[in-house]
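Report on the following structure.
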Amino acid sequence: MELPDDLLYTRTHEWVRLDGTTATVGITDHAQCELGDVVYVELPDQGATLERDAVFGTVESVKAVSDLYAPVSGTVAEVNGALADQTELVNQSPYGEGWMVRLTVAPDCDTSHLMSAQEYERYVQESGH
Amino acid sequence: MEPLVFEKSVSGRIAARLPDCDVPHVDAGDLLGSGSVRETLDLPEMSELDVVRHFTRLSHRNYAIDLGFYPLGSCTMKYNPKVHEMLARLDGFTDVHPLQPEETAQGALTVIHAMERILAEIAGMEAACLQPAAGAHGELVSLMMVRQYHRSRGDTDRNVILVADSAHGTNPASAARCGFSVRSVPSNDRGLTDLGALRSMLDGSVAALMLTNPNTLGLFESDVQEICRLIHEAGGLMYCDGANMNAIVGVARPGDMGFDVMHFNLHKTFSTPHGGGGPGCGAIAVGRELEPFLPVPRIADRGDGQLHLEYGRPHTIGRAHSFYGAFLVAVRAYAYIRSLGAAGLRQVAETAVLNANYVRARLRGHYEIPHDRTCMHEVVISASRQKSRHGVRALDISKRLMDYGFHPPTNYFPLVVPEALMIEPTETESRETLDAFCDALIAIARECETEPDLVRSAPHTTVVSRLDETAAVKQLNVRWTPPEQETSV
Amino acid sequence: MSYTPHTDADRDAMLAAIGIESPENLFDPLPASARLSGLLSLPERLDEISLVHHMRDLASRNAGASRLVSFLGAGLYDHFSPAVVDAVISRGEFATSYTPYQPELSQGMLQAIYEFQSLVCALTGMDMANASMYDGATAAAEAALMLVDAANRRQVVVARSVHPHYRQVLQTYCTAADVSLVECPYGDGVTDAQEFRSSVTDATACVVVQYPNFFGCLEDLSALLNHCQTVGARTVVVTDPVSLGLLKPPGAYGADVVVGEGQGLGCPIGFGGPLLGFFAFKSEFQRRFPGRIVGMTQDGSGRRGFTMTLRTREQDIRRERATSNICTNEALVALAANVYLCSLGPRGLRQVADLCLQKAHYAADVLTKECSVKLAFGAPFFKEFALYVDTRTPVHDLCRALRGDGYLAGYPLGDAYPELHNALLVAVTEKRTREQIDGLAAAVVRHMGRGGA
């Protein structure tokens with residue numbers, strides 16, 4: 001299971017990369033592995049405002065649907081349009097080309113509830129999923 | 001591979017022999033308006049022998065109860081007696097029109113009326129209605145009645161349906177269709193409704209609790225009377241998902257347990273053929289309080305020696321089907337019940353439960369059995385041991401069973417058991433069949449240890465092996481389209 | 001009598017294997033207070049001979065189209081079904097199988113459903129079709145609710161010329177979903193264009209119209225659908241698949257969803273069930289439609305195969321967020337329709353539709369010329385037409401008298417349309433002969449006297 005050190009993680013298996021006031025969000029390698037081949041990704045419109053923990057979209061494999069939860073509050077600045085017809089990017093490159101949304105967040109964005117790579121790894125092992 | 005009917009089509013062929021026109025012929029365009037007549041219609045053109053061979057060959061590519069054991073949990077794949085097929089094809093049943101005057105359809109009305117009384121008796125409730133076309137339709141219609149019932153009492157804030165976490169997906173989906181929000185009630189470590197959790201969820205917003213009993217783990221909800229009491233105390237109603245009635249028919253009645261409304265699946269409990277996914281019949285039964293809300297028309301016996309269709313019912317939710325439901329399915333179910341009688345039906349339940357417990361006993365030690373105590377008509381085993389030790393999943397074991405000549409059990413349901421395999425043998429299967437099936441599952445458990453790849457890559461003997469379901473979604477092809485016409489010179 | 005196979009020896013051995021003494025112990029998990037004491041109170045059991053006798057007796061108390069010459073339609077029709085249809089659907093391999101969850105063991109049914117979907121698309125002129133619905137009425141209701149969800153508008157307009165039962169089912173579904181349903185009146189047998197334009201607005205999610213409509217008449221589909229387009233309302237067209245042997249399909253007019261009752265395609269009337277709802281739609285609704293759909297794909301060795309697909313819309317995966325709760329549909333009836341359509345082919349279906357058209361017009365001519373009845377409407381009709389009966393003779397009385405002569409004369413429209421209390425809806429299928437039609441006219445003359453033009 002690939003877990004980049006420079007990202008923060010949620011209990012609902014999203015990752016977030018914080019760069020100034022831009023937060024890039026996707027799902028983890030573990031999550032894509034559990035889902036299997038992703039066949040559909042539903043993302044919000046640009047400009048949508050998201051509260052932390054709000055559902056902002058869904059990701060589907062052939063036989064499962066998972067909600068996507070916003071790791072932090074923010075406004076949708078960009079969605080990954082490539083996922084409209086290249087859903088396999090989520091499986092092939094979950095932390096790279098498979099990213100889902102970029103949010104504009106407040107400069108003092110609270111990340112204290114998010115996990116580090118080590119914490120997330122332990123969480124996945126302990127919860128057995 | 002059997003080609004598609006479109007690929008077998010040869011221009012100019014026709015199977016049906018139709019009459020010539022015996023009235024003066026007028027151009028269709030003149031009668032309908034020339035712009036209304038279609039120019040092309042891409043249907044296949046086949047001889048009768050082409051048609052017969054095509055569908056007979058397709059039938060050879062289909063597994064069925066008539067071919068072998070079909071222990072699909074929650075689906076009650078029991079034998080469908082042949083005499084019922086003959087009876088449902090009698091002219092007097094197939095040719096009667098639902099809008100004929102009542103006095104010319106008394107036989108049909110009698111079947112429906114008798115079935116309603118029989119189902120009410122089996123349910124232990126006041127009345128029954130055959131209008132819903134399937135179990136999910138029965139749920140929907142029932143929840144519409146629940147909604148109307150509360151509103152009729154001015155109780156308009158009841159917008160929550162509680163659903164057990166082990167429930168069929170249709171329960172929450174039906175509730176959402178009626179505008180209810182759904183809250184999931186957890187199971188406890190005995191696989192039964194967690195009473196403590198349930199108590200904490202009860203308030204004035206609860207419209208009803210939907211409970212399957214026995215539940216989808218194959219376990220009887222032994223606290224059912226207390227659950228009914230709690231829900232009623234909170235002002236809610238109790239819905240029984242009757243998918244699992246085969247376990248208790250003639251032994252116990254939902255109405256006596258405290259349920260207010262339920263659906264039956266005539267295609268499960270009462271042995272009408274599943275037809276590859278329908279037609280079914282999702283008859284419902286209700287207690288006295290919900291009776292005024294039943295769909296119309298009702299069939300009334302006014303004591304004048306005739307049965308009547310009755311529409312003037314002010315509280316009805318309305319009509320839920322084009323006519324009166326799947327009548328010819330009801331004919332078969334009626335014949336089934338009449339040929340068994342009360343003692344025979346009780347024996348159905350007893351034998352169904354005996355068979356499931358026998359399978360449980362035979363598989364003990366070979367598979368994990370999450371709730372290894374007396375089960376009802378089905379037993380849920382888990383392949384979690386095979387998964388963690390050998391990387392073989394419930395799906396793989398299911399596929400491998402096909403190589404042994406069996407239809408797999410339901411897998412990955414209920415959701416509360418990891419790697420679930422839900423086995424429902426039904427009462428019509430013999431001990432030899434159950435033994436052969438258990439021997440196969442035991443042999444597969446051994447293969448998981450010795451040759452896991454063999455199981456993971458199964459099935460090996462079917463007309464196709466595992467299909468690319470991802471491609472089925474991503475390169476969606478759900479209809480035949482004619483190949484590009486080549487331009488001819 | 002029992003269908004259970006166990007001998008006493010089997011039962012004893014199985015109880016021993018389970019480790020219990022008596023079959024009674026199997027029900028130990030049931031508290032005594034939840035159990036039935038004694039047996040159910042049911043009619044006595046019947047052996048097979050008595051059962052057949054009893055059922056034949058019940059069947060003989062119905063006088064359907066095999067005993068009366070039927071001109072009764074109103075949604076279900078006495079069409080011809082070739083013997084091959086019942087021969088195929090009687091095969092246990094189809095009839096006793098379940099929903100094809102395991103594609104490796106269900107290729108036969110899956111391929112048949114794929115073919116059915118393709119046939120429905122060809123008939124209706126639509127992009128996609130699902131594996132079937134319960135019946136025409138619930139298919140129409142599901143279609144309307146799907147379009148409501150898609151539109152974020154909460155009003156549905158239904159033409160009063162749509163089958164009254166379909167409108168009632170639509171009302172039942174709309175009430176439960178808190179959707180408002182508005183009825184649009186008809187004029188001369190078809191939807192009133194002006195009323196339609198004022199009823200259907202930018203608040204309307206969708207419109208439900210029928211083609212041919214309940215009176216048998218052809219609506220001006222292109223005018224109706226054009227108006228819908230201008231206000232952004234979507235359209236559900238209810239249709240009779242037999243008519244599509246001849247008529248330009250609703251898809252060609254731009255319908256968003258085409259639904260209907262497939263009973264005429266090889267399924268008996270059977271006192272109204274089981275029936276066959278079909279549901280065809282534009283591909284933009286491929287993530288929203290209700291029910292099952294089968295797709296073509298390949299296995300690991302490149303062999304063509306079929307499987308249920310687009311499954312994440314469904315209740316077993318998405319639960320309360322499913323697009324519908326439907327799971328069991330009418331697969332075996334859809335198979336019958338598949339066999340029927342293959343047996344007829346394009347020329348056969350066209351011939352059936354044309355026979356209906358010709359005979360219906362012949363019947364309308366003969367009846368209006370010889371009897372004191374007249375056509376209720378001037379709009380073009382297909383296989384069914386409404387007659388005004390001389391007001392001195394109540395329609396029900398006339399029908400009763402004609403029944404005595406061996407005819408089911410039609411559907412008294414006053415049962416559903418009070419304003420048409422002296423009108424009769426007459427259906428004529430390819431099975432009716434000129435002799436039967438002339439016979440009906442002669443009987444009407446006997447009861448009402450000669451009249452007409």
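Values below: every heavy atom of this structure, side chains too, minus hydrogens, waters and symmetry copies. Each chain gets a letter, A, B and so on, in the order the sequences are listed, and its residues count up from 1.
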Contacting region of C:Leu30 [heavy-atom separation from chain B under 4.5 Å]: both
Would you please test C:Phe271 and B:Phe93 for ring pair (Phe, Tyr, Trp, His ring centres under 6.0 Å) and show each step? CA-CA 7 Å; C:Phe271 206 49; B:Phe93 292 134; 9.6 Å; no
Side chains of B:Ser465 and C:Asp299, donor plus acceptor under 3.5 Å: yes
Regarding B:Gln100 and B:Thr104, is there a side-chain donor-to-acceptor distance under 3.5 Å anywhere? yes
Relative to chain B, which segment of C:Asp354 carries a heavy atom at a distance below 4.5 Å: side chain, backbone, both, or neither? side chain
Measuring heavy-atom distances to chain C, does B:Leu4 have an atom under 4.5 Å in its side chain, in its backbone, in both, or in neither? both
Could you work out, with side-chain contact (heavy atoms from CB on, under 4.5 Å) as the rule, every residue matching C:Ser66, not counting sequence neighbours? B:Asp91, B:Asp95
Check each atom of B:Arg373 against the heavy atoms of chain C and say whether the ones under 4.5 Å are side chain, backbone, both or neither. neither
Side chain, backbone, both or neither: which part of C:Ser324 has a non-hydrogen atom closer than 4.5 Å to chain B? both
Contact part of B:Leu90 toward chain C, heavy-atom cut-off under 4.5 Å: side chain, backbone, both or neither? side chain
Taking only residues two or more places apart in sequence or in another chain, which ones pass side-chain contact (heavy atoms from CB on, under 4.5 Å) with C:Gln351? B:Leu18, C:Leu355
Ignoring hydrogens, what is the shortest heavy-atom contact between C:Tyr114 and C:Val294? Give both atom names and the distance. CD1-O, 3.9 Å
Once rounded to the nearest 0.5 Å, what's the spacing between atom CG of B:Leu340 and atom CG of C:Leu40? 11.5 Å
Between B:His321 and C:Tyr134, is the ring centroid distance below 6.0 Å? no
Of the backbone (N, CA, C, O) and the side chain (C-beta and beyond), which part of C:Arg56 lies under 4.5 Å from a heavy atom of chain B, both, or neither? both
Residue part contacting chain B, namely of C:Glu430, when any heavy atom lies under 4.5 Å: backbone
For the interface with chain C, which of B:Val348, B:Ile337, B:Asn62 has the highest count of heavy-atom pairs at distances below 4.5 Å? B:Asn62
Please state whether the side chain, the backbone, both or neither of B:Pro19 comes within less than 4.5 Å of a heavy atom of chain C. both
In terms of heavy-atom proximity below 4.5 Å to chain C, should B:Asn357 be classed as side chain, backbone, both, or neither? both
Do the non-hydrogen side-chain atoms of C:Arg292 and C:Thr99 ever get within less than 4.5 Å of each other? yes
Among C:Ile20, C:Leu218, C:Asp78, who wins on heavy-atom pairs under 4.5 Å with chain B? C:Leu218
Does a side chain donor of either B:Glu139 or B:Thr170 reach within less than 3.5 Å of an acceptor in the other side chain? yes
Full working for side chain to side chain contact (heavy atoms under 4.5 Å, CB included) between B:Tyr63 and B:Tyr70: CA-CA 9 Å; B:Tyr63 194 86; B:Tyr70 212 129; 3.7 Å; yes
For chain C, which of B:Ala16, B:Ser59, B:Ala176, B:Ala136 has the most heavy-atom pairs under 4.5 Å? B:Ser59
Pick one of side chain, backbone, both or neither for B:Leu476, based on which atoms fall under 4.5 Å of a heavy atom in chain C. side chain
With a 4.5 Å limit on heavy-atom distance, are the side chains of B:Val51 and C:Val84 in contact? yes
Pick one of side chain, backbone, both or neither for C:Arg67, based on which atoms fall under 4.5 Å of a heavy atom in chain B. neither
Heavy-atom pairs under 4.5 Å with chain C: which of B:Thr110, B:Asp42, B:Ile248 has the most? B:Thr110
Look at B:Ala175, B:Ser398, B:Ser181, B:Ala15 and state which one has the largest set of heavy-atom pairs under 4.5 Å with chain C. B:Ala15
Could you tell me which portion of C:Gln298 (side chain, backbone, both or neither) has an atom closer than 4.5 angstrom to a non-hydrogen atom of chain B? backbone
By a 4.5 Å heavy-atom criterion (distance strictly below it), what part of C:Ile293 contacts chain B: side chain, backbone, both, or neither? side chain
The interface call for B:Pro44 against chain C, heavy-atom contacts under 4.5 Å, is both
Contacting region of B:Arg346 [heavy-atom separation from chain C under 4.5 Å]: side chain
Hey, are the side chains of C:Arg319 and B:Val182 touching, using non-hydrogen atoms and a 4.5 Å cut-off? no
Please classify the contact between B:Leu219 and chain C as side chain, backbone, both or neither, with a heavy-atom cut-off of under 4.5 Å. neither
Side chain from CB out, backbone as N, CA, C, O: work out which of these in C:Gln286 comes under 4.5 Å of a heavy atom of chain B, or both, or neither. side chain
Atom CE of B:Met1 and atom CZ of B:Arg61: how far apart are they, to the nearest 0.5 Å? 8.5 Å
Hey, do the aromatic rings of B:Phe323 and C:His165 have their centres closer than 6.0 Å? yes
Does B:Arg89 pair with B:Glu85 as a salt bridge, N-O distance under 4.0 Å? yes
Under 4.5 Å between any side-chain heavy atoms of B:Leu72 and B:His407, yes or no? yes
Pick from B:Arg360, B:Gln225, B:Met257 with the largest number of heavy-atom pairs that fall under 4.5 Å of chain C: B:Gln225
What part of C:Ile317 lies closer than 4.5 angstrom to a heavy atom of chain B: side chain, backbone, both or neither? neither
With a 4.5 angstrom heavy-atom cut-off, is it the side chain or the backbone of C:Ser132 that approaches chain B, or both, or neither? neither
So CG of B:Asn355 and CD of B:Glu427: to nearest 0.5 Å the spacing works out to 8.0 Å
Under 4.5 Å heavy-atom distance to chain B, tell me which part of C:Arg35 shows up: side chain, backbone, both or neither. both
Atom group of C:Leu349 that falls short of 4.5 Å from chain B, counting heavy atoms: side chain
A side-chain contact here means heavy atoms from C-beta on lying under 4.5 Å apart; do B:Arg362 and C:Met14 qualify? no
B:Phe413 ring center near B:His168 ring center (under 6.0 Å): yes
Among B:Met402, B:Gln106, B:Met46, B:Arg253, single out the residue with the greatest number of heavy-atom pairs under 4.5 Å to chain C. B:Met402
Flag the one option from C:Leu105, C:Asn329, C:Val169, C:Asn338 with the top tally of heavy-atom pairs under 4.5 Å to chain B. C:Leu105
For B:Leu328, which atoms come within 4.5 Å of any heavy atom of chain C: side chain, backbone, both, or neither? both
Taking every non-hydrogen pair under 4.5 Å, which of C:Phe94, C:Tyr362, C:Tyr166 racks up the most with chain B? C:Phe94
What option among C:Thr433, C:Asp86, C:Leu68, C:Leu335 has the most heavy-atom pairs under 4.5 Å with chain B? C:Asp86
Which atoms of C:Leu310 come close to chain B, meaning under 4.5 Å heavy atom to heavy atom: side chain ones, backbone ones, both, or neither? both
Considering only heavy atoms, which portion of B:Arg147 lies under 4.5 Å from any heavy atom of chain C: side chain, backbone, both, or neither? side chain
Looking only at heavy atoms and a cut-off of under 4.5 Å, which of C:Gly92, C:Ala129, C:Pro82, C:Gly270 has the most pairs with chain B? C:Gly270
Using a cut-off of under 4.5 Å for heavy-atom pairs, which of C:Gln171, C:Gln117, C:Lys248 has the most such pairs with chain B? C:Lys248
